[in-house]
Amino acid sequence: MPSALLPILKRSLPLAAITLLAGCTIAKPRTDDPYEKFNRDMYAFNDSVDKAVIRPVAVGYRKVTNPPVRRAVSDFFTNIRMPITVANDLLQARPMQAAQSTGRFLVNLTLGIGGFFDPASQLGIPLQDTDFGITLARWGVPEGGYLVLPFVGPTTVRDVWRLPVDSYFFDPLSYYSRNHSFKYGQEYLPELFYLVTLRSRGIDAESFLQSAYDPYVFIRDAYRQQRLYELYDGNPPAEIIEQMQGLKDKNFDPDELLEEQHSWENKQPEQGQQPVKN
């Protein structure tokens, strides 16, 4: 089902985290990856699917649209999925955040002409994003092992539960596809279009991934750092940042890690330096 494919784009290339890593103090690679062999196989599979099918469609979408159109479509999907954030804010016992996200949703739905525009941001109503994985974390559920699932991408033993819970109970796109039936599966078109929109956003940031000497490790660590920042509303405690970056490990030498990265780039100058072509 297309609804099962939605996370492959949202989480197989966590662009917010990649941008975050690019601007952060260099972090020590994580070593707590008990399912690494399976994960690497699934990463390779998802990457092949992306290159063969999803990315070409996203590139075609960018060629037939301009930035204002893509921004309007992106704003629509961001707004229409806001009930996921509202519901999880309530589950996290954060009524103020739930009210704020509800106000943002209603303002963009009305003044924003169905959500294709974003007057809420101009009115000073910030955008926040949360899900059932973050809800479980706030309830005290441990993260568990890192996982890469086929057609899903990066997740963890804890975060994987957001897929069925958010999709079934809170996601308007999934609700629409479950409760409508048209010829040729046309009820899934909104979800498929959302997939293309998500993948289109990632094309500009692909150079970060291509410059990594181990893309699997880069995405793994980027994903987990992104989730940490989401859990703490973008402001994790200093001691957690230090632990995340390996600064408390006496055996960690960031210069040595940079040397490894530079050594790999020197061996593959074309991959590390050329920009991504659409």
S.K.: Under the criterion salt bridge (Lys or Arg N to Asp or Glu O under 4.0 Å), I'd like the reasoning laid out for R81 against D131: C-alpha separation, chi angles, the key distance, then a yes or no.
M.R.: CA-CA 11 Å; R81 300 182 79 251; D131 54 56; over 6 Å; no

S.K.: If every non-hydrogen atom of S101 is compared with every non-hydrogen atom of M82, which pair is closest and at what distance?
M.R.: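 Where S101 meets M82 most closely, the heavy atoms are O-CG, 3.6 Å.
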
S.K.: Taking the side chain as every heavy atom from C-beta outward, state whether R40 and D33 have any atom pair closer than 4.5 Å.
M.R.: no

S.K.: Salt bridge (charged side-chain N to carboxylate O under 4.0 Å, His left out) with R104: which of D118, D129, D75?
M.R.: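 In the set D118, D129, D75, the residue that makes a salt bridge (charged side-chain N to carboxylate O under 4.0 Å, His left out) with R104 is D118.
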
S.K.: Strictly below 4.0 Å, N to O, side chains only: are E206 and R55 in salt-bridge contact?
M.R.: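 The answer is yes: the pair qualifies as a salt bridge.
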
S.K.: Between D221 (side chain only) and R224 (backbone N and O only), is there a donor and an acceptor less than 3.5 Å apart?
M.R.: no

S.K.: Examine distances only and state if a side-chain atom of T110 and a backbone atom of V107 form a donor-acceptor pair shorter than 3.5 Å.
M.R.: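 Side chain of T110 to backbone of V107: a pair is present.
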
S.K.: Any donor and acceptor pair, going by atom type alone, linking the side chain of D159 with main-chain N or O of T155 inside 3.5 Å?
M.R.: no

S.K.: For D50, is there an ion pair with R199 - N to carboxylate O distance below 4.0 angstrom?
M.R.: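 A salt bridge is present here (some side-chain N lies under 4.0 Å from a carboxylate O).
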
S.K.: Kindly indicate, with the supporting measurements, whether the criterion side chain to side chain contact (heavy atoms under 4.5 Å, CB included) is fulfilled by L147 and N39.
M.R.: CA-CA 6 Å; L147 286 172; N39 288 339; 4.3 Å; yes

S.K.: ring-ring contact (aromatic ring centres under 6.0 Å, His included) with F45: which residues, sequence neighbours excluded?
M.R.: F151

S.K.: Determine the minimum heavy-atom distance between G145 and Y35, stating which atoms define it.
M.R.: CA-CE1, 4.0 Å

S.K.: With a 4.5 Å cut-off on side-chain heavy-atom distances among I, L, V, M, F, W and Y, is there a chain of contacts connecting L106 to F77?
M.R.: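 Looking at the clustering, F77 is in a separate group from L106.
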
S.K.: Quick one: does N46's side chain have a donor or acceptor within less than 3.5 Å of a partner on L149's backbone?
M.R.: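 Here the side-chain-to-backbone pair exists.
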
S.K.: Students often mix this up, so state it plainly: with edges at 30° and 60°, are the rings of Y43 and Y216 parallel, tilted or perpendicular?
M.R.: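 The rings of Y43 and Y216 stand perpendicular, inter-plane angle above 60°.
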
S.K.: Looking at side-chain heavy atoms only, is the closest gap between F170 and V86 below 4.5 Å?
M.R.: no

S.K.: Just wondering, do V217 and R220 contact through their side chains at under 4.5 Å, heavy atoms?
M.R.: yes

S.K.: Please round to the nearest 0.5 Å and tell me the distance separating atom OG1 of T130 and atom CG of D233.
M.R.: 8.0 Å

S.K.: Got a donor-acceptor contact below 3.5 angstrom from the N88 side chain to the I134 backbone?
M.R.: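 Looks like no, no N/O pair under 3.5 Å.
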
S.K.: Do Y176 and Y194 share a hydrophobic cluster, counting only Ile, Leu, Val, Met, Phe, Trp and Tyr and linking them when any side-chain heavy atoms are less than 4.5 Å apart?
M.R.: no

S.K.: Under the 3.5 angstrom rule, does the side chain of N108 hit a backbone N or O of A120 as a donor-acceptor pair?
M.R.: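 The answer is yes, because a donor-acceptor pair under 3.5 Å joins these two groups.
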
S.K.: Mind running side chain to side chain contact (heavy atoms under 4.5 Å, CB included) on F182 and L189 for me, showing each step along the way?
M.R.: CA-CA 10 Å; F182 303 106; L189 286 178; over 6 Å; no

S.K.: With a sphere of 6.0 Å drawn around CZ of F38, does it hold more than 12 non-hydrogen atoms of other residues, nucleotides or ligands?
M.R.: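 Result for CZ/F38: enclosed.
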
S.K.: Taking all heavy atoms of P236 and all of L228, pick out the closest pair and write down the distance.
M.R.: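 Residues P236 and L228, closest heavy atoms: CB-CG, 4.4 Å.
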
S.K.: I need the Y175 OH to S167 OG distance, nearest 0.5 Å.
M.R.: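 Spacing of OH (Y175) from OG (S167) equals 13.5 Å.
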
S.K.: Hey, could you give me the CG/OH distance between L195 and Y188, rounded to the nearest 0.5 Å?
M.R.: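 Reported to 0.5 Å precision, the distance equals 13.0 Å.
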
S.K.: For P68, which residues count as a side chain to side chain contact (heavy atoms under 4.5 Å, CB included) partner, sequence neighbours excluded?
M.R.: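 Scan of P68 (side chain to side chain contact (heavy atoms under 4.5 Å, CB included), adjacent residues dropped) gives N66, R71.
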
S.K.: Side chains of T135 and Q92: any donor to acceptor distance under 3.5 Å?
M.R.: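 Checked: Q92/T135 side chains pair up, N/O donor to acceptor below 3.5 Å.
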
S.K.: CD1 of I54 to CG of D47: how many Å apart, nearest 0.5 Å?
M.R.: 10.5 Å

S.K.: Does the structure place the NZ or CZ of R178 under 6.0 Å from the centre of the six-membered ring of Y168, at an angle of no more than 45° from the ring's axis?
M.R.: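 The answer is yes, since R178 meets both limits relative to Y168.
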
S.K.: Backbone N or O of R70 within a donor-acceptor pair of the S74 side chain at under 3.5 Å?
M.R.: no

S.K.: Would you give the length of the straight line joining atom CG of L192 to atom CD of E187, rounded to the nearest 0.5 angstrom?
M.R.: 10.0 Å

S.K.: Test of understanding: clusters of I, L, V, M, F, W, Y form through side-chain heavy atoms closer than 4.5 Å, transitively. Do V148 and L209 belong to the same one?
M.R.: yes

S.K.: Please tell me whether L173 and V196 are part of a single hydrophobic cluster in this structure, the criterion being side-chain heavy atoms less than 4.5 Å apart.
M.R.: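 Yes, same cluster.
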
S.K.: Tell me whether Q128 contacts the main-chain N or O of Q97 through its side chain, where contact means a donor paired with an acceptor under 3.5 Å.
M.R.: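 Yes.
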
S.K.: Hey, could you give me the OG1/CG distance between T102 and L109, rounded to the nearest 0.5 Å?
M.R.: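 That separation rounds to 12.0 Å.
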
S.K.: Can you run down the ring-ring contact (aromatic ring centres under 6.0 Å, His included) pairs that involve residues 82-137, sequence neighbours left out, and say none if there aren't any?
M.R.: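 Passing the test, one end in residues 82-137: F76-F116, F132-W139.
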
S.K.: Do M42 and V160 belong to the same hydrophobic cluster, where Ile, Leu, Val, Met, Phe, Trp and Tyr are linked whenever their side-chain heavy atoms lie under 4.5 Å apart, directly or via other members?
M.R.: yes

S.K.: Indicate the atoms forming the closest heavy-atom contact of P126 with Q100, along with that distance.
M.R.: CG-NE2, 3.3 Å

